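Presented below is the structure to which this report refers.
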Amino acid sequence: MKQYILDDFTNVDMSDLKLPVITVFYNTLDIPNKYAARLLDANQPTNVVVIKDTLDEIRNIIPPHYTCLNRDPSDPPTMIETWL
C-alpha cells in the first residue's frame, strides 16, 4: 500500500472510516528521529501519515474535536499517545 505523507489531516476524507483514530509514534524503524501521526480505522492502519520534528507540531495538527489518550505501559515503546 502506498503511504501518503501529508502536512496535516485537514483534507483527509474520514467519512468511510468506522472509527478514525490518530496514533502518534516517535523514532520508528521507517521514520527515525521524527514524530509520526498515523491515521487508523479503529485498530487498522491506513496509508495516511503526518511527520513532524516535535510532539508540539504533531499536537497542533490533530483535529480539535479529538481527545488524547496517554499510552498504556503495554503499548510499544515507540507509541506516544492516541487521539480519538
Side-chain angles (χ1 to χ4, degrees):
M1 179 179 349
K2 180 180 179 183
Q3 185 167 265
Y4 292 95
I5 301 172
L6 305 177
D7 289 328
D8 58 42
F9 294 103
T10 303
N11 294 314
V12 177
D13 180 7
M14 300 184 195
S15 62
D16 287 340
L17 302 181
K18 294 177 190 112
L19 177 62
V21 175
I22 297 170
T23 300
V24 179
F25 296 89
Y26 179 71
N27 198 29
T28 59
L29 291 175
D30 59 335
I31 307 171
N33 302 312
K34 300 275 185 181
Y35 288 88
R38 296 189 178 276
L39 178 63
L40 292 84
D41 186 3
N43 64 349
Q44 298 299 311
T46 69
N47 59 349
V48 176
V49 63
V50 175
I51 300 170
K52 301 289 183 187
D53 291 324
T54 69
L55 184 56
D56 282 339
E57 289 175 302
I58 287 289
R59 288 176 173 160
N60 286 332
I61 57 87
I62 302 292
H65 60 278
Y66 277 58
T67 300
C68 182
L69 302 174
N70 292 323
R71 70 182 299 281
D72 185 271
S74 65
D75 289 334
T78 57
M79 185 184 291
I80 304 300
E81 58 196 22
T82 298
W83 293 79
L84 301 172

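Quantities reported herein were computed from a predicted structural model and do not represent experimental measurements.
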Side chains of T67 and L84: closer than 4.5 Å at any heavy-atom pair?
-> no

Provide the full list of salt bridge (Lys or Arg N to Asp or Glu O under 4.0 Å) pairs with a residue in residues 39-50, sequence neighbours left out, each pair given once.
-> none

Sequence-distant partners of N47, side chain to side chain donor-acceptor pair (under 3.5 Å), two or more places apart | none

Apart from L29 itself, members of its ILVMFWY cluster (side-chain separation under 4.5 Å) are none

Are side-chain heavy atoms of F9 and V50 found at a separation under 4.5 Å?
-> yes

Set of residues satisfying side chain to side chain contact (heavy atoms under 4.5 Å, CB included) with respect to D72, sequence neighbours excluded = S74, D75

In short, ring pair (Phe, Tyr, Trp, His ring centres under 6.0 Å) pairs touching residues 51-77 with sequence neighbours left out are none

Non-neighbouring partners of D56 that pass side chain to side chain contact (heavy atoms under 4.5 Å, CB included), sequence neighbours left out = T54, R59

Only counting residues at least two apart or in another chain, list the ones meeting side chain to side chain donor-acceptor pair (under 3.5 Å) with D13.
-> S15

Looking at side-chain heavy atoms only, is the closest gap between I22 and P63 below 4.5 Å?
-> yes

Restricting to pairs with a member in residues 43-52, which pass salt bridge (Lys or Arg N to Asp or Glu O under 4.0 Å), not counting sequence neighbours?
-> none

Name every donor-acceptor pair, under 3.5 Å, that has one atom in a side chain of residues 30-40 and the other anywhere in the protein, sequence neighbours excluded.
residue, atom, partner, partner atom, Å
D30, OD1, T28, OG1, 2.7
D30, OD1, R38, NH2, 3.4
D30, OD2, R38, NH2, 2.6
K34, NZ, D53, OD1, 2.3
R38, NH1, Q3, OE1, 3.0

